[in-house]
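In what follows, every heavy atom counts, from backbone to side chain, and hydrogens, waters and symmetry copies are set aside. It should be emphasised that the depicted structure is a prediction, and the values quoted were computed from it without experimental measurement.
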Amino acid sequence: MRAGPSQEDIRRHNLGALLRHVHLGGPISRAELTSKMGLNRSTIMALTSDLTAAGLVREELPRETGRAWPSLVVRPESSRVYVFAFDVGPDRIAAARVGLGGVILDRREAARDRDRFDLDELTGTLAGFARQMRRKTRNDTVCVGAAAAVSGGVRKADGVVSFGPNLQAEEVPFGEELARRLGLGLPVSVGNDANLAALAEHSRGVGVAVRDLIYLHGDVGIGGGIISGGHLIGGHDGYGGEIGHMVVNPGGRACGCGSHGCLEAEVGERTLLESAGRVADGRRGRDAVREVVEAADRGDIVAQEALSRVGDWLGLGVANLVNIFNPELVIFGGILREIYLGSAAQVRSQLALHAMAHQRERVRLRTSALGDSAPLVGAAELAFAHVLSDPLEVLARANG
């Protein structure tokens, strides 16, 4: 007969669950925790005492109360316990020190040459950012994790960036090398940027409390993250969510993946700029995309036609996703935020034409609440995942 969970297993689970409430929801009273977790008051008091003693949370009297015996409020120790989060995109890299509770305490950013990939230079720059931020911390602070969002396919088994055509990278041990350069004695978890952005919007953005959503991310190419039943769909090897390589126009434009007519090829940055006659001047990136959207808004016919064409393909892709996954919410992030805002009529028209009625009627289309920070916020959540699964053990290891 298989033994049930031990008392220590139950305690570990409850500590993680309570810390997750505080981390994701912010300050919360003991009374609310008792209600949300379905535990008695003495158990909640014991759990919060353990987390307070470990320096993960603190308890305070509420600022306003009319009760004779007010319930103490539990707050995350955001300034003491933190992770490093990194974002590696085609045009820019970013690093942040993120406190427990999701507070961005410090941040660094730099432009990146999209036409070359130098692992040593890239990890050196990111590690330098981390050292700069760490020098500004108090002596009692503790780093409990690190993670990176990367624009490319990341193998689940070992965190290797298997393919990143928009980064000019292939079979790169990115996490391993960044961990070595950081020298913190901590592994660096690595995830696809769109997948992590989906997690970020689900936990802290426009998708909070939504159990089924699709996040579409645009930079040079198109990526996506799918949350189903509250969980990210990662796929067998971790490559799930490559929405940009869904074929919407067989025989269409050549794609970097080797196929033709992929959503990325029909909707991506290059296609929009070419269609709007904006390639000759050499401008590219998010600012160039925004200029096309702004020109269309001012009445530029060429820009309007380019956005309309791209919006039709984007809408067809969204319709396919709605039919397959039946999401409650579709979120547009990265440059797709601007593209969607400039072509919403075309997107909704294609959705009405090609999505099944009972699925399209309740789906909501929204833009990212976290903006360009979504992959970075998602990387921070990935880094905090270990802490939330076993708070005291992780903190003891970090301090030890």
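Clustering of Ile, Leu, Val, Met, Phe, Trp and Tyr side chains at separations under 4.5 Å places L72 together with L61.
A donor-acceptor pair is defined here as one N or O able to donate and one able to accept, closer than 3.5 Å; no such pair exists between the side chain of R75 and the backbone of V57. Side chain of T52 to main chain of R58: no donor-acceptor pair is present (N/O by atom type, distance under 3.5 Å, no hydrogens or angles). S308 places no side-chain N or O within donor-acceptor distance of the main-chain N or O of Q304, the cut-off being under 3.5 Å. Judged by distance alone, the side chain of R97 and the main-chain N or O of L105 form no donor-acceptor pair under 3.5 Å. Remark: the backbone N or O of P90 is not paired with any side-chain donor or acceptor of S151 at under 3.5 angstrom. The backbone N or O of L376 sits nowhere less than 3.5 Å from a side-chain atom of S373 that would complete a donor-acceptor pair. No donor-acceptor pair closer than 3.5 Å links the side chain of K36 to the backbone N or O of H21. In this structure, the side chain of H354 does not engage the main chain of A319 through any donor-acceptor pair within 3.5 Å. Remark: the backbone N or O of L382 is not paired with any side-chain donor or acceptor of S189 at under 3.5 angstrom. Put simply, the side chain of D87 never gets that close to the backbone of A94: no donor and acceptor are under 3.5 Å apart.
Counting heavy atoms of neighbouring residues, nucleotides and ligands inside a 6.0 Å radius, atom CZ of R290 exceeds 12 of them. Within a 6.0 Å radius of NE2 in H358, more than 12 heavy atoms belonging to other residues, nucleotides or ligands are found. In the displayed structure, Q7 atom CD is contacted under 6.0 Å by at most 12 heavy atoms of other residues, nucleotides or ligands.
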Given D237 and R155, is the salt bridge (charged side-chain N to carboxylate O under 4.0 Å, His left out) satisfied, shown in steps? CA-CA 6 Å; D237 291 318; R155 191 161 58 227; over 6 Å; no
Before you tell me yes or no, could you show the steps for D312 and R309 under salt bridge (charged side-chain N to carboxylate O under 4.0 Å, His left out), namely the whole-Å CA-CA distance, both residues' side-chain angles and the distance that decides it to 0.1 Å? CA-CA 5 Å; D312 281 338; R309 189 177 306 115; over 6 Å; no
Evaluation steps, salt bridge (charged side-chain N to carboxylate O under 4.0 Å, His left out), between E291 and R286: CA-CA 9 Å; E291 286 175 7; R286 297 184 184 192; over 6 Å; no
Derivation and outcome, side chain to side chain contact (heavy atoms under 4.5 Å, CB included), residues D372 and R92: CA-CA 11 Å; D372 292 345; R92 67 182 186 112; 3.6 Å; yes
For V172 and V160, run side chain to side chain contact (heavy atoms under 4.5 Å, CB included): C-alpha distance rounded to whole Å, both residues' side-chain angles, the deciding distance at 0.1 Å, then the answer. CA-CA 6 Å; V172 174; V160 167; 5.6 Å; no
CA sep, side-chain torsions, deciding dist, call: V318, Q350, side chain to side chain contact (heavy atoms under 4.5 Å, CB included): CA-CA 8 Å; V318 170; Q350 292 298 320; over 6 Å; no
Verify side chain to side chain contact (heavy atoms under 4.5 Å, CB included) between F384 and V144, making sure each step is shown before the conclusion. CA-CA 8 Å; F384 274 122; V144 295; 4.2 Å; yes
Decide yes or no on salt bridge (charged side-chain N to carboxylate O under 4.0 Å, His left out) for D300 and R298, but give the supporting numbers first. CA-CA 6 Å; D300 185 316; R298 293 193 303 268; over 6 Å; no
Which atom pairs, donor and acceptor, lie under 3.5 Å between side-chain atoms of residues 39-48 and protein residues at least two apart or in another chain?
{"unit_1": "N40", "atom_1": "OD1", "unit_2": "S42", "atom_2": "N", "d": "3.3"}
{"unit_1": "N40", "atom_1": "OD1", "unit_2": "S42", "atom_2": "OG", "d": "2.8"}
{"unit_1": "N40", "atom_1": "OD1", "unit_2": "T43", "atom_2": "N", "d": "2.7"}
{"unit_1": "N40", "atom_1": "OD1", "unit_2": "T43", "atom_2": "OG1", "d": "2.8"}
{"unit_1": "T48", "atom_1": "OG1", "unit_2": "I44", "atom_2": "O", "d": "3.0"}
{"unit_1": "T48", "atom_1": "OG1", "unit_2": "M45", "atom_2": "O", "d": "3.0"}
{"unit_1": "T48", "atom_1": "OG1", "unit_2": "E59", "atom_2": "OE2", "d": "3.2"}

Do any side-chain atoms of residues 207-225 form donor-acceptor pairs under 3.5 angstrom with protein atoms, and if so which ones, sequence neighbours left out?
{"unit_1": "R211", "atom_1": "NH2", "unit_2": "G229", "atom_2": "O", "d": "2.7"}
{"unit_1": "D212", "atom_1": "OD1", "unit_2": "G229", "atom_2": "N", "d": "2.9"}
{"unit_1": "Y215", "atom_1": "OH", "unit_2": "H217", "atom_2": "ND1", "d": "2.8"}
{"unit_1": "D219", "atom_1": "OD1", "unit_2": "G221", "atom_2": "N", "d": "3.2"}

Please output the side-chain donor-acceptor pairs of residues 245-254 that fall under 3.5 Å, not counting sequence neighbours, one pair per line with the distance.
{"unit_1": "N249", "atom_1": "ND2", "unit_2": "E266", "atom_2": "OE2", "d": "3.2"}
{"unit_1": "R253", "atom_1": "NH1", "unit_2": "E274", "atom_2": "OE1", "d": "2.9"}

Side-chain donor-acceptor contacts of residues 119-127 below 3.5 Å, not counting sequence neighbours, with atom names and distances?
{"unit_1": "D120", "atom_1": "OD1", "unit_2": "R181", "atom_2": "NH1", "d": "2.7"}
{"unit_1": "E121", "atom_1": "OE1", "unit_2": "R116", "atom_2": "NH1", "d": "3.3"}
{"unit_1": "E121", "atom_1": "OE1", "unit_2": "R116", "atom_2": "NH2", "d": "3.3"}
{"unit_1": "T123", "atom_1": "OG1", "unit_2": "L119", "atom_2": "O", "d": "2.8"}
{"unit_1": "T123", "atom_1": "OG1", "unit_2": "D120", "atom_2": "O", "d": "3.4"}
{"unit_1": "T125", "atom_1": "OG1", "unit_2": "E121", "atom_2": "O", "d": "3.0"}

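The distance from atom OG of S349 to atom CG of L353, rounded to the nearest 0.5 Å, is 4.5 Å.
Looking at every heavy atom in both residues, P375 comes nearest to A197 through N-CB, 3.9 Å. Minimum interatomic distance between G240 and N195 (heavy atoms only, all atoms of both residues): O-ND2, 3.4 Å. The two residues A379 and F86 come nearest to each other via the heavy atoms CB-O, 3.7 Å.
Contact check on E381 versus R204 returns a salt bridge, with a Lys/Arg side-chain nitrogen under 4.0 Å from an Asp/Glu carboxylate oxygen. Residues R112 and D91 are not paired through a salt bridge, judged by the lack of any N-O separation under 4.0 Å between the basic side chain and the carboxylate.
Remark: E201 engages S368 in a side chain to side chain donor-acceptor pair (under 3.5 Å) (not counting sequence neighbours). Under the side chain to side chain donor-acceptor pair (under 3.5 Å) criterion, E170 pairs with no residue, sequence neighbours left out. Contacts of N320 classified as side chain to side chain donor-acceptor pair (under 3.5 Å), with partners at least two apart in sequence or in another chain: none. With sequence neighbours excluded, the residues satisfying side chain to side chain donor-acceptor pair (under 3.5 Å) with R108 are D106, Q132.
S29 and E32 form a side-chain donor-acceptor contact under 3.5 Å, judged by distance and modelled atom types alone.
Side-chain contact between C255 and H260 is absent, with no heavy atoms from C-beta onward closer than 4.5 Å. A heavy-atom distance below 4.5 Å is not found between the side chains of V150 and N192. For the pair V22/I28, a side-chain contact is recorded, criterion being any heavy-atom separation below 4.5 Å from C-beta on. For the pair V322 and P327, the minimum side-chain heavy-atom distance is below 4.5 Å. Put simply, the side chain of L100 reaches to within 4.5 Å of the side chain of L19, judged on heavy atoms.
For the side chain to side chain contact (heavy atoms under 4.5 Å, CB included) with L329, the qualifying choice from V363, V206, L365 is V206, the only one to do so.
For residues 105-144, there are no ring-ring contact (aromatic ring centres under 6.0 Å, His included) pairs, not counting sequence neighbours. Within the structure, the ring-ring contact (aromatic ring centres under 6.0 Å, His included) test picks out the following pairs touching residues 303-336 (sequence neighbours left out): F332-Y340. Residue pairs meeting the side chain to side chain donor-acceptor pair (under 3.5 Å) criterion with at least one member in residues 323-334, sequence neighbours excluded: E328-R364.
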